[in-house]
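To keep things clear, I will list the structure first and then write my remarks on it.
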There are 2 protein chains.
Amino acid sequence: MPYIQDSFRRQGLRFTPQRYAVLDYLRKHPCHPTAEEVYKAVNRRDPRASLATVYKSLHALARAGLIREVNLAGNATRFESVTGPHHHFLCERCGRLEDVPWFDVPGLAKKARAAPQAVRTWELILRGLCKSCQSRTRGRANWEN
Amino acid sequence: MPYIQDSFRRQGLRFTPQRYAVLDYLRKHPCHPTAEEVYKAVNRRDPRASLATVYKSLHALARAGLIREVNLAGNATRFESVTGPHHHFLCERCGRLEDVPWFDVPGLAKKARAAPQAVRTWELILRGLCKSCQSRTRGRANWEN
DNA sequence: TTTTGTGCAAAAGGTTTGCATACGA
DNA sequence: TCGTATGCAAACCTTTTGCACAAAA
């Protein structure tokens, strides 16, 4: 995959081990980790990597369009390496964020064109109970995984 | 409007001046204020009102279903008094959050029923440039209301 | 060699909490 | 009266910043 380096260069970004580690982690962990989680993993690999740099790397990668940040709950921002358009499901009990395969919303493109705003993208947010929270209707939040 | 008091009681919540002030402010300002903004307004009316109480009131009201919190950008949570289902538009330049009249997504109810998750609600998030940001394509963010 | 990125520690938001006191039901 | 809500200040969590040093291009 020599493409990554090119994506970096195309954006005038330098290709550093830290940035690569962050991107690599996100690509291998599509579970929408927080900055803290990315930091812990990257730091385990290279103990010199700092939290501030992870944050800066995440922003740099987002600017370059290589990753995306998702901000739906009130707590920490979550990150994902973009794999094309998709929707999101947010579990109201445990906070788990899941991808939902993309499907087009019929008529929305037309509506968007007619709107007073210049709509560039759209996304559907579904909320409810995730699979594992459905079984434990009266339990506490489950934070595993 | 004696209904508000009832809504409170029905949820086992006490009807306090602070809570009423918070709800009232949100009803009269549908521009999705932050907790800080609500606090400033409420505190102007009653200088004894504290920020902590505003936060607690916002949560109490949300639990009671009288208001809703919206969390789309990475910054402060925004609040709105629910006026029925609607979608949201978020300006990518100035951060302005606008309501978009509700319209049903055809076929989604069926998709939701077939999903592994128990989908309870859904909402569309549109992103792009708001009206005033379109005119100033090269300007800074505009924060006037 | 010239930028740009990194690491550290400190600061800056935004939000929550503990506890004594006040107050609604 | 009883139990919940308030106000205050301190704590907390997440994210950003300033600056000297390191390392890509």
Side-chain angles (χ1 to χ4, degrees), chain A residues 2 4-23 32-40 42-64 66-67 69-79 95 97 141 143, chain B residues 2 4-23 32-40 42-64 66-67 69-79 95 97 141 143:
Chain A
I4 300 179
Q5 246 184 96
D6 293 345
S7 302
F8 275 62
R9 259 199 291 273
R10 231 175 285 130
Q11 304 294 327
L13 294 175
R14 286 187 183 169
F15 184 74
T16 68
Q18 291 88 337
R19 286 174 177 178
Y20 176 76
V22 168
L23 179 58
H32 308 89
T34 62
E36 187 72 34
E37 283 161 352
V38 174
Y39 163 67
K40 278 196 187 127
V42 167
N43 182 268
R44 215 173 293 131
R45 218 150 93 169
D46 173 4
R48 288 184 20 102
S50 75
L51 178 57
T53 297
V54 166
Y55 270 104
K56 287 168 186 169
S57 298
L58 287 167
H59 291 152
L61 290 165
R63 239 180 293 126
L66 290 167
I67 68 170
E69 38 188 289
V70 187
N71 233 303
L72 294 179
N75 36 38
T77 303
R78 296 178 166 275
F79 298 85
L97 187 62
W143 293 103
Chain B
I4 300 179
Q5 248 184 94
D6 292 344
S7 303
F8 275 61
R9 258 200 290 274
R10 230 175 286 129
Q11 304 294 327
L13 294 174
R14 287 190 183 164
F15 184 74
T16 67
Q18 292 86 340
R19 286 176 177 177
Y20 176 75
V22 167
L23 179 58
H32 307 91
T34 62
E36 187 73 34
E37 284 160 352
V38 175
Y39 163 67
K40 279 195 186 127
V42 168
N43 182 269
R44 214 173 294 131
R45 219 148 92 170
D46 173 3
R48 288 184 20 102
S50 75
L51 179 56
T53 296
V54 166
Y55 270 105
K56 288 168 185 167
S57 299
L58 287 167
H59 292 152
L61 290 165
R63 239 181 294 127
L66 290 169
I67 67 169
E69 39 187 289
V70 188
N71 230 303
L72 294 177
N75 35 39
T77 302
R78 296 176 166 278
F79 298 85
L97 187 61
W143 291 103

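Source: prediction; values computed, not measured. We name chains A, B, ... by the order of the sequence lines, and we start the count at 1 in each one.
In this structure, B/Thr53 contributes its side chain and B/Ala49 its backbone to no donor-acceptor pair below 3.5 Å. In this structure, the side chain of B/Gln11 does not engage the main chain of B/Phe8 through any donor-acceptor pair within 3.5 Å. No donor-acceptor distance shorter than 3.5 angstrom exists from the side chain of A/His32 to the backbone of A/Phe79, with no hydrogens or angles considered.
Residue side chain A/Arg48 does not reach the base of C/dT6 through any donor-acceptor N/O pair under 3.5 Å, judged by distance alone.
Within the 4.5 Å cutoff, side-chain heavy atoms of B/Ile67 are placed close to those of B/Leu58. A/Arg14 places none of its side-chain heavy atoms less than 4.5 Å from the side chain of A/Arg9.
At the phosphate of D/dT4, neither OP1 nor OP2 sits under 4.0 Å from any side-chain N or O atom of B/Thr16. Residue A/Arg19 places at least one side-chain N or O under 4.0 Å from the OP1 or OP2 atom of C/dG5. Between A/Thr77 and D/dT15, a side-chain N or O to OP1/OP2 separation shorter than 4.0 Å is present. Distances shown here put every side-chain N or O of A/Ser50 at or beyond 4.0 Å from the OP1 or OP2 atom of C/dT6.
Straight-line distance from the CG atom of B/Leu13 to the C1' atom of C/dA25: 13 Å, rounded to whole Å. With rounding to whole Å, A/Arg63 atom CZ is found 12 Å from C/dT4 atom C1'. Taking atom CD of residue A/Glu69 and atom C1' of nucleotide D/dT16, one finds them 13 Å apart after rounding to whole Å. Residue B/Leu72 contributes atom CG, which lies 17 Å from atom C1' of C/dG14 at whole-angstrom precision. Counting to the nearest Å, the P atom of D/dA5 and the CG atom of B/Leu23 are 16 Å from each other. In this structure, B/Leu61 atom CG and D/dA5 atom C1' are separated by 13 Å, rounded to whole Å. If you take CG of A/Asp46 and C1' of D/dA22, they are 13 Å apart, rounded to a whole angstrom. In this entry the distance linking CG of A/Leu51 with P of D/dG18 reads 17 Å, nearest Å.
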### Task
Apply side chain to side chain contact (heavy atoms under 4.5 Å, CB included) to the pair B/Thr77 and B/Val70, showing each step before the final yes or no.
CA-CA 6 Å; B/Thr77 302; B/Val70 188; over 6 Å; no

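Side-chain proximity of A/Tyr55 to D/dT14, D/dT6, C/dG7: nearest is D/dT14. Nearest nucleotide to the A/Ala49 side chain, out of C/dG5, C/dT15, C/dG7: C/dG7. The side chain of B/Ala52 approaches C/dT17 more closely than any other nucleotide in the set C/dT15, C/dT17, C/dG7. With distances taken from any side-chain atom of B/Ser57 to the nucleotides C/dT15, D/dA25, D/dT6, the minimum falls on D/dT6.
Mapping B/Pro17 and B/His59 onto DNA chain C by nearest heavy atom places B/His59 closer to the 5' end of the strand. With the nearest nucleotide of DNA chain D identified for both B/Gly74 and B/Val54, B/Val54 has the one nearer the 5' end. Each of B/Lys56 and A/Ala35 was assigned the nucleotide of DNA chain D with the nearest heavy atom; the assignment lying further toward the 5' end belongs to B/Lys56.
Within 4.0 Å (heavy atoms only), B/Gln18 reaches sugar-phosphate atoms of the nucleic acid but no base atom.
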